[in-house]
Amino acid sequence: MSVVTRIAPSPTGDPHVGTAYQALFNSVFARQHGGKFIVRLEDTDRSRYNATSEGRILDMLDWLGIVPDASPRNEDDKGPYIQSQRAGLHRQYAEQLLASGAAYRAFDTTEELDERRKAAEARKDSYLGYDRRDRHLSAEESDWRAAAGEEFVIRLKAPLEGKTVVHDHLRGDVVFDNAELDDKVLLKRDGFPTYHLAAMVDDHLMGVTHVIRAEEWLTSTPIHQLILQGLGWQAPVWIHTPWLLSAGGKKYSKRRGDPSVEDFRNKGILPEALLNYLGMMGWTMPNGEEIFSVDDMVQHFSWERVSLGGSTFDVQKLKWLNGKYIREVLPLATVASRVHGFGTEHGYAQGIAEDKYFTQVVELMLPRFETLQEFWEKTAYFFGEDYPVTDKAAKPLAEGQDVLPKLREALAALPALTHDQTEPVLKALAEAQGLKVGKVMQPLRAAVAGTLESPGMFELLELLGKERVLARLDRMMK
Ligand code: GLU
């Protein structure tokens, strides 16, 4: 059996972290088995449809470097991969379920349903699903009313007794009481399928062998299994991955304000780090190593190392990991080009060339930024004269006005501000003034960088260069 996995995101808004998480696990598993990973956009819920969302979900995958074997941007003979374009197929299979008696037409109006649901609530009924009013209509009456133009939905005829057993690859058998299943709508009044029908028809026709999806879908799986059974199709291997939780212990949710993938991208989180972090959330490397690539995952992945507990998404930990990628994992040239690309995209890099000087700045700053955005927030003084002076730097700058002219004089006398030349000169100057070295460095740093949190003084002077340093000292001496 050749493995086919899929993600089936609904284009309802910002691309979810959960979608990236599923994409990672689905694509890793498919690659590990030499199989196929496909992306299908489930856009049949027109009330929640968001037109920009489709492109943004696919852009997100591009950015992450997750390349589907088929998708709306890369159709093959199993497509189309946009679900609404397959509505004819879904309708056809709904008819088939109807003909075989696995489904039935229900003619209730929305108002009737609302009224009866409210009454059931008032009675404190434990079952609040569809009351199955039309389940027992005769085939003749059902056909006749449909032919007469009465509106209807097609509902699944779920068994009323017994159990449905879902075998989940991670959890073993999960047993559902049929009495608690709802006669779910499969085809809506507008002729569009619901998620339940569409997803199962498409999974089958697209040859999906492993449905790897979030735990929240587990309760829908008995319904899905009944649909497949009604159509005479074999169920895929079900794998429901553990919850992603947010700091408060609730389900990680964009709607409740947890960051989306685009939010992370806009802050300057690297795709490699985000994928590594998502991988870590669900799985551990056999050797316990926290830093791993998607390729490492493909090589070592196994479901045995997925823990069912659910993991808490910790944005600080992601930032820390991002910093590690910046400092230790990616080569300097790559980091420099990502930083520059980010700066261009977000308007920080105007007029700033991606040259040797730029790479030197990045290198010097490596220990001091964890996101690409932080780099730009901390480095204005490297790229222009219009840098701010922080409150903390203003004080030593004011207090150091006496020493600044002497500093300027000493530095001006040097042929170049290389580390080995400036260090002894500054130390000697401090000594001659009877000052601690810090008392000399702080005003100097405040003057040339506008902040006390810059990289090492000597490296900074060397990189800024003599001309710039002297000009800044002149300007800061009032
Ligand atoms: N369209 C569903 C979603 O938005 C897909 C669920 C599934 O994977 O079956 O998550």
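In what follows, every heavy atom counts, from backbone to side chain, and hydrogens, waters and symmetry copies are set aside. For ligands, and for the atoms within them, numbers begin at 1 and follow the listed sequence.
For atom 8 (O) of ligand 1, the nearest protein heavy atom (residue, atom name, distance) is R6 NH1, 2.5 Å. Of the protein's non-hydrogen atoms, the one nearest atom 4 (O) of ligand 1 is S10 OG, 3.0 Å. From the protein, the heavy atom lying nearest to atom 10 (O) of ligand 1 is W217 CZ2, 3.4 Å. Ranking protein heavy atoms by distance to atom 6 (C) of ligand 1, first place goes to Y195 OH, 3.2 Å.
The aromatic rings of F264 and F313 lie parallel to each other, their planes meeting at an angle below 30°, with 60° marking the opposite boundary. Between F375 and F369, the two ring planes are perpendicular [angle over 60°; tilted spans 30° to 60°]. F383 and W376 have tilted rings, their planes meeting at an angle from 30° to 60° on a 0 to 90° scale.
Inclusion of A8 in the set of residues having an N or O under 3.5 Å from an N or O of ligand 1 is warranted.
Using a 3.5 Å distance cut-off with no hydrogens or angles, the side chains of W238 and Q225 do pair a donor with an acceptor.
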Give the C-alpha distance, both sets of side-chain angles, the deciding distance and a yes or no for salt bridge (Lys or Arg N to Asp or Glu O under 4.0 Å) between D134 and R105.
CA-CA 7 Å; D134 288 356; R105 292 192 194 92; over 6 Å; no

